[in-house]
Amino acid sequence: MSPSPPSGEARFSKGYEPADVERRWRDFWEEGRSFSPDASLLSGAEPFSIVIPPPNITGNLHMGHALNLTLQDILCRHFRQMGRQVLWVPGEDHAGIATQNVVERRLAQEGKTRHDLGREEFLARVWSWKEEYGNNIRRQIKALGASVDWSRERFTLDEGLSRAVRRVFVRLYNEGLIYRGRYIINWCHRCHTALADDEVEFAPQKTFLWHIRYPLEDGSGALVIATTRPETLLGDSAVAVHPEDGRYARLIGSRVRLPLVDRLIPVIGDSYVDREFGTGALKVTPCHDFNDWNLGQKHGLDFIQILDDEGRTNANAGPFAGLSGEEARRRVVAALEERGLLKKVEDYENNVGHCYRCRSLVEPLVSEQWFVAVRALAARAREAVPAQTRIFPESWGKTYYAWLDNIRDWCISRQIWWGHRIPAWTCGGCGKLLVLEEAPQRCPDCGHASLAQEEDVLDTWFSSALWPFSTLGWPDETPELARFYPTSVLVTGFDILFFWVARMMMLGLHFMDRAPFRHVYLHALVRDAKGRKMSKSEGNAIDPLEMIQKYGTDSLRFTLAAFAAMGRDIRLSEERIEGYRHFMNKIWNASRFSLLNLEASPPDPVDFAAVPGLHHRWILHRLEELKETQAAALPEYRFNDAAQALYVFFWSDFCDWYLECVKPDMRAGEPLRTQARFVLWTVLREAMILLHPFIPFLTSEIWSLLPGAGRDLSSEAFPPLRPACRDAARAGRMAMIQEVIAAARTIRAELGIAPSLRLAAMIRPRDEAARAVLEEQRPLILALARLESLDFDPGSVPRFSAAHMACGNEIIVVLAGAVDQAAEILRLGRELAKLDKERALLQGKLANPGYERKAPPEVVRRDRARVEELLKAEERLKALRDRFAD
RNA sequence: AGGCGCGUAGCUCAGGGGUAGAGCACUUCCUUGACACGGAAGGGGUCAGCAGUUCAAAGCUGCUCGUGCCUACCA
């Protein structure tokens, strides 16, 4: 069955028009549930499974998604052809903070905040956003032609996945791997929530380094510290110096008087302090700096919090209480200056953290949060690479290890509403903390019924971390889980190696006892023409949908595949997409030509290994090589190699040569025509199969028009290998014919002879073997070089003629008299210079004493033969030139 | 500060020990019954620089210069 086509001429227009074709095939694939492995048949063929990196529901797909989906789709379609049972699970991510921000921004336009609506109504608003944008994203995944199994689509907040999240949370809690406590964390004042370490992005900022005097307790002077955050001195509880710093060592154990606050704080020694930086003395504010927090723990210092979760000073700030951070800084600096405690102020540039979702300033804050103790999980995730999971390209392994080796506990609670609410309740009676999968009715200890659930939700990445098994049905023991876990490969950008990949590794290993993927393929980031990361906010994004509209999905897909060389970023250029649209058109027209020369039913079979035509044997040989390249490249994620091989095969070999060779056959009688039809049909047919994973729409359309095509192409198997068609010797003979034809064309072009003019030509073969081949292929040479006649072994070369060498064969074109002889002499001179240069290079190489001894024999033989050939060619060309010069 | 990567044709990029490739752009000719989104023939490159390894280096090694990214506790 095929989609209902428009009939007749419209179906095979002169140029390929993707829009209509794509729409029809999209509908067809969707209706047919073509890509849904039957659950009752989950056995037999070896499985191949991928879980989609779920796009956020915050907006539209960008070019990174287009790349990601294209590469996965190529793999899925390829392995389907290879007979594997393929499952590609689609889905979307609820993207906690990001989505909440988007919806809050929309509310702000109505002049409301989420607090005006209340939790329940706000969540209803987010859900309706999700419906709208979830559909949008689904449409776009379909637009790209992704062969996902929509019947198994999941959403990180759907009922099943929520159950998985609660199960995981409770288990980890009971195992002591999740805990709650007051710690210093990253706090985004704008999003009003905690962030994990990797959700903070650092950016340089111009600021000042304030040098402040802290008077010694005994009044004998002052210790000068340098800081970028003078206002936090209100919460200082020590000054730290390096224990071996000659300037300060004697002060360790003494005390200094904290300016403005007048509190006595100790001077401590710690080798953490960098003697070179600033004054070599460091103020320690355990509640407002990560390092100071560590020092505070280590040295048992006081923890004095002076800023609240709004970033405003609290009662601990004494006279400076109730101010914004900025205002507090201004006033503290002014007060210090007034008292003569500000020694100097330097310009300074430092790195400050920003929220990866809203870009606003992130500051350390001490608060009560939930954490995952990751050390043990991380160790296991580290061990699993490469034992269970191979990373491509391999070099990313180092980065993966480094991150896991230095990992800190993962802060998983977020003070927002959109997400998985933490399944923990506090009993209003006895205060007991209950961590349970389902809401309890009453406290098991005291029987009290007033139980308050945690307000916080989980980090979005917590639910994403379960994706490879939660989407397959876990915690239920589903057939899908048994069959498709671990998945075959995760295809994703390296930018979420830590956020996502490492965490899936940790939780997958912990809960499934197996790493979630056999391979992780990290592809490039798509950047703009200037090499910047494409992003909506920067306004430099190339919209994939716009490209699809302009050039067609297949053009975009093929471009992305051709660009997807491992370990390198992609700078997408629209010109390149346009270039590959031309390729699509070429495929379309070559098929159009083929179909015009085929009949309604498949041609009668011919024994491939016995077809007489050299061009047939050659193209069949090249086809075998192409199959080999593709079958080798795709399992190694060398998409660009496969794409390039397809391009060269189809355009250079098939269109430029084979089709031209076949044209005379089609005008000839039997059996030539039948043979040509069968080989042409076979090659085109198999080329469509090989191209299909890259450009599914165009190939499906052509397939549906091919005689005897049968079912839809997406369920067609990889073409059978034909070892008997591999014939490098014959392919080499064809190469010689091609060169001879090119030689005649070169003469024609360079001497400006009209293409319409049929020329008489002569040929002096290199040797007897070459003579046999050339004589046999005389009709082909006549046709493609547009010759009137081709004589072998002319007794004498006519006075008006031009010559060119091809693989040691001398091609002589007889000119019609009125030809510029001087031009030919010049041309021969250029040709000679070229040959001479090459020969000199080779002879130099051969003259090297070690060469013959150490180089592989076939290389030496080849070079020798080439020199011979060059010498002969030069000799002949010189003779001709001399004669013309007379 | 460490780690990773990149510097190849005018531009965007493949390739990778044994005669330099693609797309776009450029020159000339061609509407030859698939395709002008095309065909044919060309021009254009000391493959960043230097030194090594090798019979042979654009490729491997080291250093230098330029450039990009990631990680990190420089107040």
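Chain naming here is simple, since letters A, B, ... match the order of the sequence lines and numbering starts at 1 in each. Side chains are part of it too, since the values below use all heavy atoms of this structure and drop only hydrogens, waters and symmetry mates. Note that the structure is predicted; figures quoted are calculated from it, not measured.
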> Do you know the tightest heavy-atom contact between A/Pro259 and A/Ile212?
Replying inline: CG-CG2, 4.3 Å

> What pairs with A/Tyr580 under ring-ring contact (aromatic ring centres under 6.0 Å, His included), at least two apart in sequence or on another chain?
Replying inline: A/Phe558, A/Tyr647

> Atom CD1 of A/Ile587 and atom C1' of B/C37: how far apart are they, to the nearest Å?
Replying inline: 12 Å

>> Output the rounded distance in Å from NZ (A/Lys586) to P (B/G23).
In response: 12 Å

> With sugar-phosphate meaning primed atoms plus P, OP1 and OP2, does A/Lys663 contact a base, only sugar-phosphate, or nothing at under 4.0 Å between heavy atoms?
Replying inline: base

>> Tell me which pairs pass salt bridge (Lys or Arg N to Asp or Glu O under 4.0 Å) where either residue lies in residues 735-749 of chain A, with sequence neighbours left out.
In response: none

> Looking at residues 646-657 of chain A, who's got a heavy atom less than 4.0 Å off RNA chain B?
Replying inline: A/Tyr647, A/Trp651, A/Cys655, A/Asp656

> Is any side-chain heavy atom of A/Tyr214 closer than 4.5 Å to a side-chain heavy atom of A/Val224?
Replying inline: no

>> If you only use heavy atoms from C-beta on, which nucleotide in B/A34, B/C4, B/A75 is closest to the side chain of A/Thr228?
In response: B/A75

Every protein N/O lying under 3.5 Å from an N/O of nucleotides 42-47 of chain B:
unit_1	atom_1	unit_2	atom_2	d
B/G42	OP1	A/Thr746	OG1	3.4

>> Between A/His582 and B/G38, is there a contact of a side-chain N or O with OP1 or OP2 at under 4.0 Å?
In response: yes

> Atom CG of A/Leu659 and atom P of B/U32: how far apart are they, to the nearest Å?
Replying inline: 18 Å

> So what does A/Arg786 touch, heavy atoms closer than 4.0 Å: a base, only the sugar-phosphate, or nothing?
Replying inline: base

> Could you state the CG-P distance from A/Asn291 to B/C73, rounded to the nearest angstrom?
Replying inline: 7 Å

> How would you label the contact of A/Leu842 with the nucleic acid (heavy atoms, under 4.0 Å): base, sugar-phosphate, or nothing?
Replying inline: nothing

>> By nearest atom, which of the nucleotides B/C4, B/C37, B/C55 is closest to the A/Asn585 side chain?
In response: B/C37

> Does any pair with a residue in residues 750-759 of chain A pass salt bridge (Lys or Arg N to Asp or Glu O under 4.0 Å), and if so which ones, sequence neighbours excluded?
Replying inline: A/Glu750-A/Arg827, A/Glu750-A/Arg830

> In whole angstroms, how far is the P atom of B/A57 from the OH atom of A/Tyr851?
Replying inline: 12 Å

>> According to side-chain hydrogen bond (donor to acceptor under 3.5 Å, both in side chains), who are the partners of A/Glu868, at least two apart in sequence or on a separate chain?
In response: none

> When rounded to the nearest Å, what value does the distance between P atoms of B/G49 and B/U71 take?
Replying inline: 33 Å

>> B/C74, OP1 or OP2 - any side-chain N/O from A/Asn351 closer than 4.0 Å?
In response: no

> A/Glu852 near the nucleic acid: base, sugar-phosphate alone, or nothing, with a heavy-atom cut-off under 4.0 Å?
Replying inline: nothing

> Hey, is A/Glu852 close enough to A/Arg864 for a salt bridge, meaning N to O under 4.0 Å?
Replying inline: yes

> Tell me: CZ of A/Arg864 to P of B/U19, nearest whole Å?
Replying inline: 17 Å

>> Under a 4.0 Å threshold between the charged nitrogen and the carboxylate oxygen, would A/Arg275 count as salt-bridged to A/Asp245?
In response: no

> For A/Tyr521, which of A/Phe494, A/Tyr637, A/Phe392, A/Trp396 qualifies under ring pair (Phe, Tyr, Trp, His ring centres under 6.0 Å)?
Replying inline: A/Tyr637

> If we take the C1' atom in both B/C47 and B/U8, what is their distance in whole Å?
Replying inline: 4 Å

> When all nucleic acid strands are considered with a 4.0 Å heavy-atom cut-off, which category describes A/Ala226: base, sugar-phosphate, or nothing?
Replying inline: base

> Does A/Lys398 get its side chain close enough to the base of B/C4, under 3.5 Å, for a donor-acceptor pair?
Replying inline: no

>> Please pick, from B/A75, B/A41, B/C55, the nucleotide with the shortest atom-to-atom distance to any side-chain atom of A/Ala749.
In response: B/A41

> Does A/Lys14 place a side-chain N or O at less than 4.0 Å from the phosphate oxygens OP1/OP2 of B/G38?
Replying inline: no

>> From C-beta outward on A/Phe498, which listed nucleotide comes closest to its side chain: B/C70, B/A75, B/C55?
In response: B/C70

> In chain order, what residues pass the side-chain hydrogen bond (donor to acceptor under 3.5 Å, both in side chains) check against A/Lys845, with sequence neighbours excluded?
Replying inline: A/Asp863

> Checking all strands, does A/Asn350 fall into the base, sugar-phosphate, or nothing category for heavy-atom contacts under 4.0 angstrom?
Replying inline: sugar-phosphate

> A/Asn294 CG to B/A72 P: how many Å, rounded?
Replying inline: 14 Å

> Is the backbone N or O of A/Gly844 less than 3.5 Å from a side-chain atom of A/Asn848, with the two atoms forming a donor-acceptor pair by type?
Replying inline: no

Distance-only criterion, 3.5 Å: show the donor-acceptor pairs between side-chain atoms of residues 197-208 of chain A and protein atoms not counting sequence neighbours.
unit_1	atom_1	unit_2	atom_2	d
A/Asp197	OD1	A/Asn186	ND2	3.1
A/Asp197	OD1	A/Arg408	NH2	3.1
A/Asp197	OD2	A/Arg408	NE	3.2
A/Asp197	OD2	A/Arg408	NH2	3.2
A/Asp198	OD1	A/Arg503	NH2	3.4
A/Asp198	OD2	A/Arg503	NH2	3.0
A/Glu199	OE1	A/Ala196	N	2.7
A/Glu199	OE1	A/Arg414	NE	3.3
A/Glu199	OE1	A/Arg414	NH2	2.6
A/Glu199	OE2	A/Tyr356	OH	2.9
A/Glu201	OE1	A/Arg359	NH1	2.7
A/Gln205	NE2	A/Asn350	OD1	3.4
A/Lys206	NZ	A/Glu349	OE1	3.4

>> Between P on B/C55 and CZ on A/Arg853, what's the gap in Å once rounded to a whole number?
In response: 8 Å

>> Taking the side chain as everything from C-beta on, heavy atoms only, tell me whether A/Tyr183 gets closer than 4.5 Å to A/Trp293.
In response: yes

> Picking from B/C55, B/C4, B/U12, which would you name as closest to the side chain of A/Arg576?
Replying inline: B/U12

> So, is A/His288 close to the B/A75 phosphate, meaning a side-chain N or O under 4.0 Å from OP1 or OP2?
Replying inline: no

>> Just to be sure I understand: a Watson-Crick pair is purine N1 to pyrimidine N3 plus N6-O4 or O6-N4, both under 3.5 Å. Using that and G-U wobbles, which stems of three or more pairs involve RNA chain B?
In response: B:1-7 with B:65-71, B:10-13 with B:21-24, B:26-30 with B:38-42, B:48-52 with B:60-64

> Do other residues, nucleotides or ligands put more than 12 heavy atoms under 6.0 Å from A/Glu276 CD?
Replying inline: no

> Can you list, by residue number, the residues of residues 270-277 of chain A that have a non-hydrogen atom closer than 4.0 angstrom to RNA chain B?
Replying inline: A/Tyr272, A/Val273, A/Asp274, A/Phe277

> Can you find a side chain N or O atom of A/Tyr348 that sits less than 4.0 Å from OP1 or OP2 on B/C74?
Replying inline: no

> So what does A/Pro856 hit on the nucleic acid, given a heavy-atom distance under 4.0 Å: a base, only sugar-phosphate, or nothing?
Replying inline: base

> Distance between the C1' atoms of B/G10 and B/G43, in whole angstroms?
Replying inline: 12 Å

> Does A/Arg229 have any salt bridge (Lys or Arg N to Asp or Glu O under 4.0 Å) partners at least two apart in sequence or in another chain, and if so, which?
Replying inline: A/Glu231, A/Glu363

Review item, side-chain donor-acceptor pairs of residues 654-664 of chain A, under 3.5 Å, at least two apart:
unit_1	atom_1	unit_2	atom_2	d
A/Tyr658	OH	A/His616	ND1	2.8
A/Glu660	OE1	A/Lys663	NZ	3.4
A/Glu660	OE2	A/Lys663	NZ	3.0

